[in-house]
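The analysis underlying the following values was restricted to heavy atoms, covering all of them including side chains, and did not include hydrogens, waters or symmetry mates. Per chain, numbering begins at 1; letters A, B, ... match sequence-line order.
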Protein chains: 2
Amino acid sequence: MKIGDLARKTGLATSKIRFYERIGLLKTVDRRPNGYRTYPPQAVMILGLITTAQRAGFALDEIRVLLPSDLAHWDHTALMDALTRKVADIEALQARLAQSKIHLLHLIEDIQARPADMDCATNAHRVLTNIITEPPEDLTVTSDDIRLLDKTDRRQSVNSGPRKKAALP
Amino acid sequence: MKIGDLARKTGLATSKIRFYERIGLLKTVDRRPNGYRTYPPQAVMILGLITTAQRAGFALDEIRVLLPSDLAHWDHTALMDALTRKVADIEALQARLAQSKIHLLHLIEDIQARPADMDCATNAHRVLTNIITEPPEDLTVTSDDIRLLDKTDRRQSVNSGPRKKAALP
DNA sequence: GCTAACGTTGAACATAAGTTCAACGTCAAG
DNA sequence: CTTGACGTTGAACTTATGTTCAACGTTAGC
């Protein structure tokens with residue numbers, strides 16, 4: 001299979017496929033005498049797997065160390081560990097998001113709750129003081145790998161994306 | 001107030017304060033005859049506000065257009081709009097996170113649910129097929145500005161962080 | 001044998017939010 | 001008057017995930 005075919009079958013740009021090869025993520029590639037890359041049918045599944053893992057929040061580096069060269073032989077322990085850690089990461093992020101949301105909702109309410117006898121400037125000062133004075137919760141997330149919702153997801157939907165790169169730019 | 005003092009009072013690096021000025025985010029700065037920057041006391045609150053907004057998920061670009069030159073005079077409508085949109089963004093992200101988490105938990109369960117009579121390779125194939133075959137939900141988030149939990153948050157906690165840059169590198 | 005479509009490479013660019021560095025100027029204390 | 005702390009600048013670097021480009025080679029169809 002040539003790179004163009006693989007691109008069509010996976011919905012990924014050829015530049016992305018070459019990039020994955022360059023960073024050592026996609027190793028199942030050979031060369032024809034003319035220099036063209038050639039892929040086994042398996043490559044489709046590998047790329048699908050990479051895409052899925054990415055959408056689940058794994059960085060390419062993480063995927064690289066988890067992906068076995070042979071899809072039938074995984075490092076079971078490392079995989080389960082990684083999955084479990086990723087779930088924990090997501091939960092941490094969820095907690096932080098919930099906090100941010102609460103914070104924003106409080107703020108909205110606070111702004112609207114201006115006492116009738118208070119002018120805007122004074123209200124602004126009141127609200128500002130509240131914001132800054134808010135509890136200094138240290139919700140710092142310590143895990144190193146939260147990359148859910150990267151631009152990838154906003155620009156291009158891999159599963160349902162166009163087979164051919166949209167003609168525009 | 002010189003930049004070092006401001007850095008101490010806000011807990012931000014001087015490089016960050018200069019950077020904010022460069023991108024037009026922090027405009028309340030003057031120069032002494034010797035070239036030194038000098039800040040009004042208000043600058044502390046402005047920087048606190050920027051930091052808080054960032055932690056709530058606002059990009060510096062968004063903050064820039066919302067921040068009035070005079071803290072007493074906000075564009076009330078634009079502000080409320082932005083806050084409301086940000087809450088919606090967070091909710092979209094929450095939905096996506098919940099999906100990712102479900103996906104991962106299913107996967108974990110699926111891996112562990114290997115039929116007793118199935119060898120690992122076959123199980124791997126079964127699980128892989130399940131993964132890739134999963135519904136192609138297009139949870140693509142359309143909003144342009146989800147930057148909660150950037151490295152900032154993992155490297156440095158602004159509210160409770162060290163006043164002086166932690167000496168390490 | 002021409003042309004369009006496809007393939008190759010390396011390098012540069014993009015984004016966001018900064019940090020780091022070198023080379024230099026200023027200031028306060030002893 | 002020297003020393004150390006602080007200030008200035010512009011440019012380059014960082015991270016992660018790619019895209020874009022120019023210049024060139026290959027192949028398939030007509």
Could you state the atom-to-atom distance from [atom1] of [X] to [atom2] of [N] in whole Å?
| X | N | atom1 | atom2 | value |
| --- | --- | --- | --- | --- |
| A:E62 | D:dA16 | CD | P | 10 Å |
| B:K2 | D:dT8 | NZ | P | 9 Å |
| B:R32 | D:dG7 | CZ | P | 10 Å |
| A:F19 | C:dA14 | CZ | C1' | 13 Å |
| A:R55 | D:dT17 | CZ | P | 16 Å |
| B:E21 | C:dT19 | CD | P | 15 Å |
| B:R18 | C:dT20 | CZ | C1' | 12 Å |
| A:Y39 | C:dC6 | OH | C1' | 13 Å |

What I want to find out is whether [X] reaches [Y] closely enough, with some N-O distance under 4.0 Å, to be called a salt bridge.
| X | Y | value |
| --- | --- | --- |
| A:E21 | A:K27 | no |
| A:D110 | A:R126 | yes |
| B:D5 | B:K2 | no |

Considering just the side-chain nitrogens and oxygens of [X], establish if one lies under 4.0 Å of OP1 or OP2 belonging to [N].
| X | N | result |
| --- | --- | --- |
| A:R22 | C:dA11 | no |
| A:N34 | C:dG7 | no |
| B:Y36 | C:dT26 | no |
| B:R37 | D:dG7 | no |
| A:R31 | C:dT9 | yes |

[X] with [Y], same ILVMFWY side-chain cluster at under 4.5 Å:
| X | Y | result |
| --- | --- | --- |
| B:V127 | B:M118 | no |
| A:I23 | A:I50 | yes |
| B:L25 | A:L128 | yes |

**Request:** May I ask you to say what B:I23 touches in the nucleic acid, namely base, sugar-phosphate or nothing, with a heavy-atom cut-off under 4.0 Å?
**Result:**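 Nothing, no nucleic acid heavy atom in range.
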Output one line per pair: protein atom, nucleotide atom from nucleotides 1-4 of chain C, and distance, for all N/O pairs under 3.5 Å.
none

**Asked** Taking for each residue the nucleotide of DNA chain D bearing the nearest heavy atom, is the 5' side occupied by B:D5 or by A:Y20?
**Response** B:D5
**Nearest-nucleotide comparison on DNA chain D, the residue closer to the 5′ end among B:I3 and A:I17** =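 Going by which nucleotide is closer to the 5' end, it is B:I3.
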**Request:** Measure from the side chain of B:L60, starting at C-beta and using heavy atoms only, and say which of D:dG7, C:dT19, C:dA17 lies closest.
**Result:** C:dA17
**Message:** Checking side-chain polar atoms at under 3.5 Å, does A:D81 have a donor or acceptor matched by the opposite partner on A:T84?
**Reply:** no
